[in-house]
Amino acid sequence: MLRLRSLSGWFGRTRGLRRLSIFTDVRFQDLAIDPRLLRGLEVALGPGARLTSVQQQAILRQLEDPCQKRLDLLLQAHTGTGKTIAFLLPVLQRLLALEAGCVRMFEGTDLMTR
Ligand SMILES: Nc1ncnc2c1ncn2[C@@H]1O[C@H](COP(=O)(O)OP(=O)(O)OP(=O)(O)O)[C@@H](O)[C@H]1O
């Protein structure tokens with residue numbers, strides 16, 4: 001019983017955060033990302049979805065130059081604020097850029113591909 005009560009308090013707090021201020025004015029469609037990724041995001045999040053604050057901080061920096069050397073990031077934000085997309089979107093964008101012939105991205109890393 002005690003557990004259930006604290007879980008419902010946790011959900012209430014999470015929903016409150018979502019309502020309040022985690023979203024920025026930047027929309028995914030404004031980003032220079034592969035159209036395939038954009039389509040997936042639109043299906044998952046709906047058209048015109050805006051980045052959360054942690055997504056803006058993580059994604060914009062990494063998209064500045066998709067061929068740049070690997071950038072290590074440590075993100076900390078409340079649960080449910082979109083950290084998964086913050087990490088995965090730049091990774092997928094880089095992989096698609098690699099597929100398109102942008103090979104500089106893995107220079108100096110220990111990633112082995114065959
Ligand atoms: N920009 C966005 N707009 C709307 N919904 C989003 C956005 N980013 C993520 N979401 C959705 O919000 C939910 C929570 O996202 P996610 O699980 O990535 O958060 P998290 O910060 O990784 O949470 P946790 O710390 O619990 O792992 C998911 O359903 C995800 O699809």
Side-chain angles (χ1 to χ4, degrees):
M1 189 61 181
L2 190 60
R3 267 171 180 247
L4 279 179
R5 222 179 268 149
S6 50
L7 193 62
S8 107
W10 178 84
F11 276 122
R13 281 196 301 280
T14 304
R15 279 202 301 269
L17 278 174
R18 286 186 158 282
R19 269 200 309 274
L20 280 178
S21 63
I22 64 168
F23 292 100
T24 68
D25 290 333
V26 183
R27 295 169 304 173
F28 285 100
Q29 65 201 58
D30 300 328
L31 303 176
I33 56 173
D34 191 284
R36 290 169 285 183
L37 295 178
L38 192 54
R39 275 199 298 279
L41 286 164
E42 282 179 0
V43 170
L45 308 177
R50 290 178 294 140
L51 278 69
T52 64
S53 179
V54 69
Q55 289 168 347
Q56 181 180 18
Q57 290 173 54
I59 294 171
L60 293 191
R61 195 158 160 214
Q62 295 189 80
L63 289 183
E64 279 168 11
D65 177 6
C67 294
Q68 72 189 358
K69 282 193 174 173
R70 186 178 60 178
L71 178 66
D72 292 327
L73 277 183
L74 182 64
L75 297 176
Q76 183 178 24
H78 284 282
T79 187
T81 52
K83 294 183 294 292
T84 309
I85 290 177
F87 279 113
L88 283 183
L89 185 63
V91 169
L92 295 175
Q93 176 61 32
R94 282 179 181 226
L95 289 174
L96 290 169
L98 178 68
E99 184 186 69
C102 177
V103 294
R104 279 196 297 133
M105 70 184 71
F106 292 129
E107 264 177 22
T109 73
D110 53 7
L111 180 66
M112 300 290 287
T113 57
R114 289 201 180 261

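Atoms considered below: every heavy atom in the structure, side chains included; atoms not considered: hydrogens, waters and symmetry mates. The residues of the chain are indexed from 1 along the displayed sequence.
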So OG1 of T84 and CG of L89: to nearest 0.5 Å the spacing works out to 12.0 Å
Transitive ILVMFWY side-chain link I59 to L38, under 4.5 Å:
yes
* So if you build clusters from Ile, Leu, Val, Met, Phe, Trp, Tyr with side-chain heavy-atom gaps below 4.5 Å, do L63 and F87 land together? -> no
Rounding to 0.5 Å, atoms CD (Q57) and OG1 (T52) come to a distance of 9.0 Å
T81 and V54 have their tightest heavy-atom pair at O-CG1, 3.5 Å
Scanning both residues in full, the closest heavy-atom pair of F28 with Q55 reads CZ-OE1, 3.5 Å
Measure the shortest side-chain to side-chain distance between Q93 and L31 over non-hydrogen atoms and say whether it is less than 4.5 angstrom.
no
To the nearest 0.5 Å, atom OG1 of T24 lies from atom CD of Q56 at 4.5 Å
Carefully, step by step, assess L41 and I33 under the rule side chain to side chain contact (heavy atoms under 4.5 Å, CB included). CA-CA 11 Å; L41 286 164; I33 56 173; 3.9 Å; yes
**Item:** Any donor-acceptor N/O pair, R50 side chain to D25 backbone, under 3.5 Å
**Value:** no
Does the side chain of I85 reach to within under 4.5 Å of the side chain of L45, using non-hydrogen atoms? yes
